[in-house]
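These notes are about the structure you will find just below.
Heavy atoms only: backbone and side chains are in, while hydrogens, waters and symmetry mates are out. None of these values were measured; they are calculated from a predicted model. All chains are named by letter (A, B, ...) in the order of the sequence lines, taking the proteins before the strands, and each is independently numbered beginning at 1.
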Amino acid sequence: MEDVYVIGVGMTKFGKHPDRTAVDLGAEAVLEAIKDAEIDPRRIEAAYCGHVFGGMVTGQKVLAQVGLAGIPLTNVENACSSGATAIREGYLAIRAREHDVVLAFGLEHLTTRFRGALTPGEDDLEAAVGLTMPGIYAMRARRHMEEFGTTREELALIAVKNKRNASLNPYAQFQNPVTLEEVLNSRLIADPLRLYDCSPVSDGAAAVILASGWAVAKLSSRRAVRIAAAALRTGTVEVGLPSMAFEELTHRTAQDAYERAGIGPEDVDFAEVHDCFSIAEVLRVEGLGLYPVGEYPKRVARGEADINGRLPINPSGGLLGKGHPLGATGVAQVVELVRQLRGEAGDRQIARAKVGLAHCRGGKAAGIEGAACTVIIATR
Amino acid sequence: MSDANVASQAYVPFRQGLFRFEEGVGELLGGRCRHCRTWYFPSRRVCAKCLSQKIEVLPLSKQGTVYTYTTIYQSTPEFQVPYILVYVDLPEGVRVLAQLTQCSPEAVRIGMPVEVVFEEVGRDQEGRAIIGYRFRPVGPWVRES
């Protein structure tokens, strides 16, 4: 099968964009990725667009804006994993030698759709009795505290770290660091989680250009970053009384990605993980096998996950700091992997980074452990 | 229309198929696989463990213990905050999410014994009571009032 590379990346600043549309944001990200790839846009053979609330044929509207209308395009919805799933679809098309150059992008204009807490979806049984997304993660935090002695302060330090990283990222929604006290004094959303434990409501878009090994040689793209694996799993039906302090779904998806890449968690130099809430970063990192189960919060407190630490987590600022425009999130994670691996991450550059991992986990429905989970591994 | 019919239509369940409720007394309904005996709540068409389609609907235990909990301070407009949510583990090996009533946010604990209660959770457009299920503390955990 054909090797797959990222040859161009682009994204908008994440944040509140009241004067712009999702399509406009998507077009900006796509044009930046094409420019970054230094290719003639007519070389792009197919496109995949991830979004959740964008509405019908959103991807096609973006293509029309950037002069690419006419090529095959597939809109992809997989909740918060939509963008990462779009990348995987492009990756598979190149692996299968159907295409040599593919565009994958994600976008969302969430501030026009929501305020406050998101729920699993209005038809969902658990949403109907009052479950919100912060609520489910609050209950998982409660279990992690019970089983591993994790403290409220340790969770807050994750938000402090990610907002500090975001202040070094010009594309991030939050440009200012916060203190431990500010996190602990922010208002309660779902006890024990407070406002700064939660990712914000965001607008934004991100795009990547993928290319086959053949195309990389032909185009002489010197800054190409290889995609070593792109794994996707769905959550299984919960049977019995599973632990809510460990993510079986993340673990299974990661095992698949590690096996495909021929890379283990010990080889990973840094990771972008789906920190929709402070506790979520704990569950992701421990499920991925990057830190020992139950220990991650204490390692964060010791600085191990900082940009200059032993194994940096969410150098971009993550969802907590950079923002979380659902469909764009998974694509923006890969944008960060590429910028770090190329050595183009500016003030937040990780030294000697050769292997990066991106993890997304999206959606919740009553009776299943989670809806969609992706793990993408990129290497220099 | 007879009086009995009027009485039976004085309320509606908030969802079909989740519980039985008659004359103020109710019970949650689970599904048990006839083949491998695995329980589910709600009942399912296919057993997730053995893929058998022979699932029988049976009442679940009334009492269980709190696996985890939270107090919700920000929600969607149809819910009045704050309210407590609990995941309750029942003896059949199923976990049920519901609100906790007759308990303060400070008093709820992991491992706390609770029992299911059926209460009015709202009114429909015709003014009938919408009945849903909640849990409340039992035994020494009951709040004095």
Does a donor on one side chain sit under 3.5 Å from an acceptor on the other, for A:E126 and B:Y87? yes
Heavy-atom nearest pair, B:F14 first then A:A128, reads CE1-CB, 3.7 Å
Other residues, nucleotides and ligands only: do more than 12 of their heavy atoms fall within 6.0 Å of CD on B:E119? yes
Tell me whether A:Y296 at atom OH has more than 12 heavy atoms from other residues, nucleotides or ligands lying less than 6.0 Å away. yes
Using non-hydrogen atoms and a limit below 4.5 Å, what part of residues 129-147 of chain A faces chain B? A:V129, A:G130, A:L131, A:T132, A:G135, A:I136, A:A138, A:M139, A:R142, A:R143, A:E146, A:E147
Less than 4.5 Å to any heavy atom of chain A: does that hold for the side chain of B:R15, its backbone, both, or neither? side chain
For chain A, find its close neighbours in residues 46-67 of chain B: heavy-atom separation under 4.5 Å, sorted by number, or none. B:A48, B:K49, B:Y67
Take a 6.0 Å sphere around CD of B:Q80 and say whether it holds more than 12 heavy atoms from other residues, nucleotides or ligands. no
Interatomic spacing from CG in A:L188 to CD in B:Q74 - rounded to 0.5 Å: 11.0 Å
Can you name the closest pair of heavy atoms from A:A190 and B:I72 and give their distance? CB-CD1, 4.0 Å
Ranking A:L118, A:D124, A:T119, A:T236 by heavy-atom pairs under 4.5 Å to chain B gives rank one to A:D124
Give, as side chain, backbone, both or neither, the part of B:Y69 having an atom under 4.5 angstrom from any heavy atom of chain A. both
Are A:V239 and B:Y40 side-chain neighbours, meaning at least one heavy-atom pair lies under 4.5 Å? yes
Hey, which of B:L18, B:D89, B:V86 has the most heavy atom pairs under 4.5 Å with chain A? B:D89
Pairwise side-chain contact, B:P105 with A:D191, heavy-atom cut-off 4.5 Å (strictly under): no
Quick one: does A:I189's side chain get under 4.5 Å of B:Y73's, heavy atoms only? no
Identify which of B:T71, B:T76, B:V81 forms the greatest number of heavy-atom pairs closer than 4.5 Å to chain A. B:T71
Relative to chain A, which segment of B:R134 carries a heavy atom at a distance below 4.5 Å: side chain, backbone, both, or neither? neither
Name the option with the most non-hydrogen atom pairs under 4.5 Å to chain A; the candidates are B:T38, B:I84, B:L85. B:L85
